[in-house]
Amino acid sequence: MSILPLGPLQSQCQDQSNNAISSWAYQWSSPPPWCGSRAIRISRPKGACKRRQAVISQAASVEALPALADGRGSTAIQVLRGARDRANDMQAEAKAMARAANASVYTPELVSNKYRSRPIKVLRRTLEILIGVGSFALKLVLDQSNGQLDQNKRIRAADLRKICTKLGPTFVKIGQGLSTRPDLCPPEYLEELSQLQDALPTFPDAEAFSCIEKELGLPLDSIYSSISPSPIAAASLGQVYKAQLKYSGQVVAVKVQRPGIEEAIGLDFYLLRGLGFLINKYVDIISSDVVALIDEFARRVYQELNYVQEGQNARRFKKLYADKQDVLVPDIFWDYTSGKVLTMEWVDGVKLNEQAAIERQGLKVLDLVNTGIQCSLRQLLEYGYFHADPHPGNLLATPEGKLAFLDFGMMSETPEEARYAIIGHVVHMVNRDYEAMARDYYALDFLSPDVDVSPIVPALRNFFDDALNSTVSELNFKTIVDGLGAVLYQYPFNVPAYYALILRSLTVLEGLALYADPNFKVLAASYPYFAKRLLTDPNPYLRDALIELLFKDGRFRWNRLENLLVQGRKDRDFSAKDALQPVLKLLLAPDGEELRILVIKEAVRVTEAVILGTVIDTYNSIPNPMRTLIVSGNTAGPLMMSDTEQENMIKLRDQVFRIWRLLRSSENFDPALLQPILQVLQEPEARSFGGRVIGGITQRLAARLLQQVLRAPPTVPASTL
């Protein structure tokens with residue numbers, strides 16, 4: 001039945017759908033299995049709803065509409081219903097925003113003014129942190145001196161988890177980051193710290209239920225038919241209950257914010273800013289503005305405290321990325337969302353680091369991680385809007401094999417110029433063009449325009465010449481990050497905040513993959529995406545990057561094109577049509593003369609290879625006695641070419657044929673896609689280009705023919721020519 005344009009906040013008795021009429025009297029005869037034996041059953045409220053007859057009347061009129069129309073009328077009604085639902089959704093979102101109007105926004109001045117006048121509280125928290133961290137460090141030192149460091153790993157890992165939990169949300173966030181880095185932490189630490197993702201201590205359920213009623217302005221029994229008596233999960237900022245909405249029967253997740261969370265986080269960020277000032281002033285090895293990075297992180301965390309903002313983030317993320325069939329993003333229920341309460345669609349699934357549980361469902365962890373990487377690349381490099389906190393608790397494998405994203409509190413954006421610069425940076429790395437790599441740091445906002453990059457080039461060369469001895473796809477992401485980090489520390493780089501969040505996002509995904517395969521490489525999994533973007537994206541920056549990759553010293557590198565096609569075809573969105581036409585448009589553009597000269601030379605060379613390669617193959621297929629008659633006894637064969645030259649020509653021809661077969665075998669290849677190309681070739685620029693190619697081929701073949709005619713008799717030594 002259709003959703004009616006009535007919001008639950010207009011009146012406690014108003015419902016949004018016809019289904020809600022019957023849900024008033026609906027109760028479970030026994031608790032649902034997910035609630036347990038102590039499930040809270042919510043009774044029908046006393047008294048009838050005053051507007052019940054109005055709701056029923058409106059419902060009846062809506063249900064009668066399809067009976068009054070057929071054909072086009074039915075389609076029109078569906079359109080009207082969709083428009084009405086969107087309007088209702090927007091209205092509900094506006095009300096949710098109004099409920100969150102008083103949500104705090106982080107500003108350094110606000111935090112500083114708040115805690116500067118509370119020296120005793122600041123000192124107490126400082127001592128609490130120093131005692132917690134210091135006691136753990138002391139235990140490690142004692143273990144080291146007693147030779148028990150390995151023996152006590154699990155004990156110390158549990159100690160660290162307890163310390164992070166005791167010190168509160170800020171340190172829980174740090175522990176969550178460490179829990180996904182098997183390259184930094186031993187397995188015992190990973191196992192313990194992973195409990196910080198959704199197995200934290202809970203706060204009293206009575207406080208949570210009271211918060212729901214206060215935030216939504218409704219009694220619990222008018223919202224839910226049933227709700228789990230205790231949290232399903234507890235995270236750093238809140239805890240989650242599983243419930244069933246009264247008005248629709250929809251199973252939902254209800255996230256409720258921890259009481260006093262803002263006070264705890266604010267004080268920690270005040271202390272961290274003080275530490276950042278000391279680092280900026282006295283630690284020369286760190287050239288980035290640490291305070292700015294802390295402020296950026298604090299802004300993100302404060303945004304997480306506003307659940308309406310998180311709901312809007314989820315909606316935007318769903319619109320951009322859930323178009324892929326293997327990505328799932330839960331929907332938001334605005335009528336039951338406020339600054340401290342978030343209600344979203346319930347998702348059944350298994351955390352991405354629970355490999356055994358995933359495999360029991362017949363799924364593969366690496367397939368899901370690859371889905372996450374491809375989605376992350378789209379986030380970072382297509383739309384620039386990305387999930388900045390993808391730890392295993394926020395990534396679920398559904399029984400259908402989809403990757404579900406949860407928790408959209410911490411999001412960030414990559415500037416448009418930086419998106420293209422990142423792809424170009426990868427191309428320059430492949431080409432070992434370190435001068436161009438250094439210039440990329442301007443576009444990436446790592447360097448101000450007045451900084452001379454020439455001293456940076458040798459440092460890049462020293463690192464990447466060693467790193468690139470293996471193929472780029474074999475490089476570990478952490479290796480590149482660490483190597484670049486060493487370079488960044490030596491020069492006046494200012495790492496922007498978005499870059500730090502990108503590193504965090506990708507390193508988390510690589511860490512998850514390493515659980516399943518210690519040899520997994522993020523760059524290897526990312527390369528098909530980069531290849532597809534280079535081959536199909538019409539953006540001028542990427543077109544120039546593609547030309548840099550394919551041409552070197554005036555020669556076309558067919559092996560690079562073949563490799564790009566092989567890798568690009570691994571991306572499910574690759575299109576041969578998209579790969580052909582943007583290149584042609586660039587070739588025939590008014591400012592493409594330099595490229596046309598290179599392409600004409602290469603077209604002549606390829607055509608010659610095809611023709612003469614065919615001649616060579618034909619000659620080789622003729623029986624030996626007849627060959628002697630054809631070439632008048634010349635042992636050099638039908639052409640005045642060395643064996644090496646003939647081999648290179650046949651190799652080029654075969655490579656071009658392989659590339660053509662790759663294009664033809666592309667899933668969506670259709671010969672009809674050449675039709676627009678033929679139309680473009682009718683333009684004056686194209687006719688001129690074609691004439692120059694034909695002229696070059698004619699001259700080249702004429703020279704070959706003349707060489708054959710004037711070649712010396714077989715009895716004359718080659719040295720006398």
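We number each residue from 1, following the sequence as shown.
For the residue pair C375 and F317, the shortest heavy atom distance occurs at SG-CZ, 4.4 Å. Here the closest non-hydrogen pair linking A322 and V329 is CB-CG2, 4.1 Å. Nearest heavy atoms, L245 versus S225: O-OG, 3.9 Å. Here the shortest heavy-atom pairing between R315 and D89 reads NH1-OD2, 2.6 Å. Residues L363 and G401 share a closest heavy-atom pair of CD2-CA, 3.6 Å. In terms of heavy-atom proximity, G276 sits nearest to I294 at CA-CD1, 4.1 Å.
In this structure, the side chain of T337 does not engage the main chain of A96 through any donor-acceptor pair within 3.5 Å. Distance alone, capped at 3.5 Å, places no donor-acceptor pair between the E192 side chain and the L160 backbone. A donor-acceptor pair under 3.5 Å is formed between the side chain of Q244 and the backbone N or O of G249. Side chain of E345 to main chain of P330: no donor-acceptor pair is present (N/O by atom type, distance under 3.5 Å, no hydrogens or angles). Here the side chain of N313 pairs a donor or acceptor atom with the backbone of F408 at under 3.5 angstrom.
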Exercise. Are L328 and T398 close enough, and set up right, to give a side chain to side chain contact (heavy atoms under 4.5 Å, CB included), and what steps lead you there?
Worked result: CA-CA 9 Å; L328 175 65; T398 70; 3.9 Å; yes
Exercise. Can you list the steps and then say if K114 with E263 is a salt bridge (Lys or Arg N to Asp or Glu O under 4.0 Å)?
Worked result: CA-CA 10 Å; K114 184 175 182 178; E263 179 74 17; 3.1 Å; yes
For this session: Report the C-alpha separation of E93 and Q312 in whole Å, then their side-chain angles, then the decisive distance to 0.1 Å, and conclude whether the side chain to side chain contact (heavy atoms under 4.5 Å, CB included) test is met.
Result: CA-CA 9 Å; E93 182 181 356; Q312 292 173 327; 3.1 Å; yes
Exercise. What's the verdict on side chain to side chain contact (heavy atoms under 4.5 Å, CB included) for E310 and I332, showing C-alpha distance, side-chain angles and the deciding distance?
Worked result: CA-CA 10 Å; E310 180 176 345; I332 304 299; over 6 Å; no
For this session: Might you work through the side chain to side chain contact (heavy atoms under 4.5 Å, CB included) test for V301 and F269, ending with a clear yes or no?
Result: CA-CA 10 Å; V301 173; F269 280 123; 3.9 Å; yes
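From L305, atom CG reaches atom NZ of K340 across 9.0 Å, with rounding to the nearest 0.5 Å. Going from atom OG1 of T165 over to atom CZ of F171 covers 12.0 Å, rounded to the nearest 0.5 Å. To the nearest 0.5 Å, the span separating CZ on R118 from CZ on R124 amounts to 11.0 Å. Here E400 contributes atom CD and Q325 contributes atom CD; the two are 12.5 Å apart, rounded to the nearest 0.5 Å. Taken from CD in Q91 to CG in D335, the straight-line distance is 8.5 Å, to the nearest 0.5 Å. With values rounded to the nearest 0.5 angstrom, L271 atom CG is found 4.0 Å from T126 atom OG1.
At a threshold of 4.5 Å between non-hydrogen side-chain atoms, the residues D323 and R378 count as touching. At a threshold of 4.5 Å between non-hydrogen side-chain atoms, the residues T343 and I223 do not count as touching. Within the 4.5 Å cutoff, the side chain of Y241 has no heavy atoms near those of the Y224 side chain. Contact check for I261 versus P169: side-chain heavy atoms found under the 4.5 Å cut-off. Between K351 and L396, some side-chain heavy-atom pair lies under the 4.5 Å cut-off. D407 is listed as a side-chain neighbour of E304, based on a closest heavy-atom distance under 4.5 Å. Residues R116 and Y270 have side chains in contact (heavy-atom distance under 4.5 Å, counting atoms from C-beta outward). Counting heavy atoms from C-beta on, the side chains of I265 and L237 come closer than 4.5 Å.
Side-chain contact check for E382 and Y529: at least one donor-acceptor pair (N or O, by modelled atom type) lies under 3.5 Å. Y106 and D295 share a donor-acceptor pair across their side chains, judged by distance under 3.5 Å alone. A donor and an acceptor atom, one from each side chain of Q257 and E262, are nowhere located under 3.5 Å apart.
Look at E296 and R299 and you find a salt bridge, because one of the NZ, NE, NH1 or NH2 atoms lies within 4.0 Å of a carboxylate O, short of that distance. Under 4.0 Å is where a charged nitrogen must lie from a carboxylate oxygen, and between D268 and R125 at least one such pair does. Taking the charged nitrogens against the carboxylate oxygens, E413 and R419 have no contact shorter than 4.0 Å, which rules out a salt bridge.
Within 6.0 Å of atom NZ in K319, 12 or fewer heavy atoms from other residues, nucleotides or ligands are found, so the atom counts as exposed in its surroundings. Environment of CE in M97: sparse, with no more than 12 heavy atoms of neighbouring residues, nucleotides or ligands closer than 6.0 Å. Residue Q250 places its CD atom among more than 12 non-hydrogen atoms of other residues, nucleotides or ligands, all under 6.0 Å distant.
The ring-ring contact (aromatic ring centres under 6.0 Å, His included) search around F386 returns none, not counting sequence neighbours.
The side-chain hydrogen bond (donor to acceptor under 3.5 Å, both in side chains) pairs that include a residue from residues 357-377 are Q355-E359, where partners are two or more places apart or lie in different chains.
A ring-centre distance under 6.0 Å is not found for Y321 and Y385.
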